[in-house]
Amino acid sequence: MPKNLMIVESPAKAKTIEKFLGKDFVVESCYGCIRDLPREKLAVDVEKKYAPTYEVPTDKKKVVSQLKKLAKDSQKIWLATDEDREGEAISWHLCHVLGIEPESAKRIVFHEITKPAILEAIKTPRFLNQNLVNAQQARRILDRLVGFQLSPLLWKKIRLKSSLSAGRVQSVAVRILVEKERNILEFTTSPFFRINSLFKASSNNRNYKIKAELGRKLENYDEARAFLEKCSQASFSVASVQVKPTQKSPSAPFTTSTLQQEASRKLGFSVARTMRVAQSLYESGKITYMRTDSVNLSKVAIASAKKAIEKSYGKQYSNSKQYRSKARNAQEAHEAIRPTYFENNQVEGTSDEQKLYSLIWKRAISSQMSNAQLEKTIVKIKISTLKDLLTANGEVIKFDGFLKVYEVSTDEEISEDSEILPPLEVGQELDLDEMKATQRFTRAPARYTEASLVKKLEELGIGRPSTYAPTMSVIQKRGYVTKGETPGKEREFKLLTLKAQKILEQICTENFGSDRGKLVPTDIGMVVNDFLIEYFQQVLQYDFTARIEKEFDDIAQGEKIWNDVIHSFYQPFNEDVELALKEAKQVTGERKLGVDPKSKKDVFVKIGRYGPMAQIGHVDDEEKPKFAKLRPKQHLATITLEEALELFKLPRKIGEHEGEEVIAAEGRYGPYIKHSGKFVSLGEYDPLKVTLDEAIVLIKQKEEMDAKKTIHEFEEEDIKVLNGPYGPYISYNKRNYKIPKSQDPKKLTAKDCLKIIEEAPEKKTKKAGKKTAAKKTTKKATAKKTTTKKAAAKKTTTKKAAAKKTTTKKTTAKKTTAKKATTKKAAAKKTTTKKAAAKKTTTKKATAKTTK
DNA sequence: CAGTGAGCGAGCTTCCGCTTGACTT
């Protein structure tokens with residue numbers, strides 16, 4: 001019989017800790033939350049102080065009964081869930097489920113999974129912090145109220161077939177994208193010219209090329225032409241040389257959001273892919289926990305990084321330090337993401353795992369390395385015929401430091417290779433090799449990627465490490481947002497080249513405005529967003545979460561009662577819901593485009609039950625109106641009358657093939673052609689333009705594919721043996737059956753198949769839910785809560801202070817928070833200046849690109 | 001899997017944050 005049972009949240013963590021503790025301890029995992037509000041109903045009694053009804057979800061029943069058994073056999077139970085609001089609440093739920101009095105529970109916490117940290121934690125157990133639990137309950141209940149009131153309102157007012165949803169996090173995420181998209185739509189581009197030049201110089205028998213550019217933009221073609229003409233007659237000389245030493249310091253080790261950003265930029269991973277790969281690295285013990293908002297490293301980790309750096313690169317490369325978190329609502333329950341063993345600079349595994357591990361290793365190890373020492377040189381070049389100066393920038397690395405292993409990239413572009421400038425003297429003459437005036441265009445604001453949206457949400461304090469990836473997928477699943485696929489458009493630009501005193505003019509083309517991989521809001525996303533903003537200003541505000549988080553903090557500090565906080569939010573919110581319910585008409589996003597020249601009826605676009613559509617005529621007209629679905633790339637806001645009228649040409653008969661009609665149309669799953677009862681997807685082809693010949697090729701391809709797919713076809717029994725993405729299978733009566741591994745699918749007879757079908761297990765049904773059981777226990781729980789609240793409040797404040805090893809009383813706690821706030825501000829300033837710097841380099845890059 | 005779109009009403013959906021499997025045919 002084990003003396004001690006310790007419960008943590010993650011099974012991988014449990015395994016590691018068990019190794020540290022020896023045989024007196026059994027360490028088990030509860031797999032996250034073990035009790036929650038039921039999925040299928042509100043379960044918050046708004047009449048009775050917002051009393052929640054919790055239950056154990058079906059997929060957690062097994063874990064709970066296992067834990068109950070272990071708990072019964074143990075003498076002591078240690079609740080070691082994460083040290084944050086959610087972790088405290090999980091411990092509280094565990095108490096309820098395992099029949100432990102919350103007042104007598106042994107609660108322990110640690111921020112890092114190291115032996116000393118855990119042994120220390122066991123020495124200093126505390127009790128449950130009911131204030132923290134209440135803060136979590138308030139968070140949970142507020143989210144439930146918002147989500148489960150707003151979503152049904154959308155079902156009612158926007159009668160779409162697909163299920164819609166709204167929530168504190170997802171709706172603001174969509175809003176950010178919608179507003180960006182509207183900025184892009186409003187943006188009008190304007191052309192200008194940039195001057196780039198290349199000089200030749202030689203020094204110590206070496207030839208150098210010096211790139212220099214004009215700092216200002218030229219307004220138009222005439223100015224650009226005039227500038228080059230002046231230069232064609234000019235001589236050039238060095239006006240000034242400025243050399244200044246600078247430093248670059250490494251970035252902090254990864255948190256969830258920075259990992260997602262870097263993996264997106266450097267490896268092209270979606271946030272979901274990053275998390276999936278990180279999870280498997282974590283489970284195999286190669287990295288620390290991957291859902292964290294902390295940049296903290298344990299002492300053990302810092303020491304081992306130092307050792308690894310000194311061994312591989314030498315002492316001068318080591319610079320141990322601890323980073324401070326900038327995140328707004330960081331709870332810092334874990335370490336930063338780092339390799340478990342710094343001495344392993346690579347690991348075995350899939351190629352994704354190796355790549356991501358390498359990124360994590362480099363970032364973590366470089367965070368403990370020295371600053372890079374650089375020397376920046378700025379050379380101004382005089383033009384004899386003009387007042388303007390040209391500027392050449394050079395950068396030389398004097399000591400590489402952390403750059404030896406890791407180069408941080410920015411959102412815009414990876415920075416240009418540094419130029420090496422030869423030694424130059426003031427007054428020295430320079431030979432112009434070539435000068436270019438390139439037409440450029442002001443650029444529309446950039447769309448967000450999944451990773452940059454996560455970054456923005458984190459800055460706003462919206463969402464948590466565990467929800468960034470799910471939030472990105474939910475806004476796409478609901479049809480609010482899609483990942484762009486269009487490659488952009490071509491555009492022409494002028495290029496003037498001055499060489500050997502002659503000016504050459506060229507028209508070049510470039511691609512612009514690609515939205516590939518970027519998040520683009522859909523019409524549905526926009527209509528839903530506009531509706532929510534009209535009626536629910538407060539919840540949709542960017543700082544709503546930050547403000548309500550302050551209230552949750554007050555609850556955690558024992559300064560506010562959670563029911564009151566919810567009440568003061570819910571009263572006006574509920575009024576807004578009622579108002580919207582009563583006042584709002586059906587939301588369709590309707591826009592009139594004009595009049596159909598043929599029928600003289602109105603043509604308009606709107607959101608129909610199946611998505612965006614165009615319509616000719618009104619429903620109450622004598623004649624039934626005509627409808628047509630919008631193509632995927634068309635939008636309510638931008639489609640023209642002509643484009644809309646085109647849509648009514650579908651479905652379109654394009655000819656005959658083997659005596660049967662061939663019809664092109666746009667269906668639910670994209671454009672297709674129909675031929676003798678079979679459908680062939682059109683892919684990239686436009687159903688309005690596709691020719692018969694092209695269609696026949698596609699039909700033949702499809703027939704070939706089908707032939708490859710079929711292994712057997714037993715017509716009498718209507719059984720098919722087919723090749724699918726998971727291997728061969730049997731298709732019968734609209735159901736699919738697995739083929740046992742012992743049998744060769746090629747040798748199967750109709751009889752064999754029927755036998756497999758008969759022996760196949762029944763299909764599992766998903767749903768099972770108990771609705772009554774949970775009620776009693778929670779009522780008791782809430783009653784108890786209210787009585788013990790005051791006492792608990794006092795207790796915890798003093799305890800917290802004690803834990804921090806400062807003097808008691810609230811004032812100290814407040815001071816520390818104030819300090820935090822100021823450092824935050826400073827941090828914010830830093831980032832903005834950095835951003836500005838990043839912008840500079842990118843514009844440079846853009847011009848550099850075109851000159852090549 | 002693929003020509004839907006009014007209005008009615010049945011019956012369905014939905015939040016955010018903690019955590020992993022199960023496993024498709």
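Since the model is a prediction, treat every value here as computed from it, not as a measurement. Throughout, protein chains are lettered first and strands after them, A, B, ... in sequence-line order, and every chain is numbered starting at 1.
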Legend entry - Distance in Å, A:Ser151 OG paired with A:Leu164 CG, rounded so as to fall on 0.5 Å steps: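 One finds 8.5 Å between OG of A:Ser151 and CG of A:Leu164.
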[X] [atom1] - [N] [atom2] separation (whole Å):
X	N	atom1	atom2	answer
A:Arg39	B:dG17	CZ	C1'	16 Å
A:Leu153	B:dC15	CG	P	15 Å
A:Arg85	B:dC18	CZ	P	8 Å
A:Lys62	B:dA22	NZ	C1'	11 Å
A:Gln66	B:dG21	CD	P	14 Å
A:Ile663	B:dA2	CD1	C1'	12 Å
A:Met275	B:dT20	CE	P	10 Å
A:Arg144	B:dT13	CZ	P	13 Å

[X] near the nucleic acid: base, sugar-phosphate alone, or nothing, with a heavy-atom cut-off under 4.0 Å?
X	value
A:Tyr289	sugar-phosphate
A:Ser10	sugar-phosphate
A:Pro11	sugar-phosphate
A:Gln136	nothing
A:Ala166	sugar-phosphate
A:Gln149	nothing
A:Asp82	sugar-phosphate
A:Gly463	sugar-phosphate
A:Ser165	sugar-phosphate
A:Gln615	nothing
A:Gly167	sugar-phosphate

Please report whether the ring centroid of [Y] lies less than 6.0 Å from that of [X].
X	Y	result
A:Phe544	A:Phe536	no
A:Phe648	A:Phe627	no
A:His675	A:His657	yes
A:His96	A:Tyr54	no

Of the options [options], whose atoms approach the side-chain atoms of [X] most closely?
X	options	result
A:Ile90	B:dT20, B:dC18, B:dT13	B:dC18
A:Cys33	B:dG17, B:dC8, B:dT14	B:dG17
A:Ser163	B:dC18, B:dT13, B:dT20	B:dT13
A:Tyr31	B:dC16, B:dG9, B:dG21	B:dG21
A:His334	B:dG17, B:dT20, B:dT19	B:dT19

Legend entry - Contact nearer the 5' end of DNA chain B, comparing A:Leu150 with A:Arg168: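 Mapping each residue to its closest nucleotide by heavy atoms, the 5'-most match is A:Leu150.
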Legend entry - Residue whose closest nucleotide on DNA chain B lies nearer the 5' end, A:Ser681 versus A:Leu37: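 Counting from the 5' end, the first nearest nucleotide belongs to A:Ser681.
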Inset, instruction - State whether a side-chain donor-acceptor pair under 3.5 Å links A:Glu332 with A:His111. - result: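 Their side chains do not contain a donor-acceptor pair, so the 3.5 Å distance test is not met.
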Is [X] salt-bridged to [Y], going by a charged N under 4.0 Å from an acidic O?
X	Y	answer
A:Glu661	A:Lys674	no
A:Asp36	A:Arg140	yes
A:Glu86	A:Arg139	yes
A:Glu18	A:Lys15	no

For nucleotides 4-6 of chain B, list the nitrogen or oxygen atoms of the protein found under 3.5 Å from its nitrogen or oxygen atoms, one pair per line.
from	atom 1	to	atom 2	distance (Å)
B:dT4	O2	A:Tyr610	OH	2.7
B:dG5	N2	A:Tyr610	N	2.9
B:dG5	N2	A:Gly611	N	3.4
B:dG5	N2	A:Gly611	O	3.3

Inset, instruction - With the side chain counted from C-beta on, respond yes when A:Arg631 and A:Glu666 share a heavy-atom pair under 4.5 Å apart, and no when they do not. - result: yes
Inset, instruction - Would you kindly check whether a donor in the side chain of A:Arg140 faces an acceptor in the base of B:dC15, or vice versa, at under 3.5 angstrom? - result: yes
Inset, instruction - Return yes if the base of B:dC16 and the side-chain atoms of A:Arg139 contain a donor-acceptor N/O pair under 3.5 Å, otherwise no. - result: yes
Inset, instruction - Would you jot down, in residue-number order, the residues of residues 473-480 of chain A having a non-hydrogen atom under 4.0 Å from DNA chain B? - result: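 Residues of residues 473-480 of chain A that come under 4.0 Å of DNA chain B are, in numerical order, A:Val474, A:Arg478.
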Inset, instruction - Have a look at A:Tyr468 and tell me which of A:Val169, A:Thr256, A:Val271 forms a side-chain contact (heavy atoms from CB on, under 4.5 Å) with it. - result: A:Thr256
Inset, instruction - Give a yes/no on whether any side-chain N or O of A:Thr467 is located under 4.0 angstrom from OP1 or OP2 of B:dG17. - result: yes
Inset, instruction - Output yes if the stacking criterion (under 5.5 Å between centres, under 30° between planes) is met for A:Phe148 over the base of B:dT14, else no. - result: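 Per 5.5 Å and 30° rule: yes, stacked.
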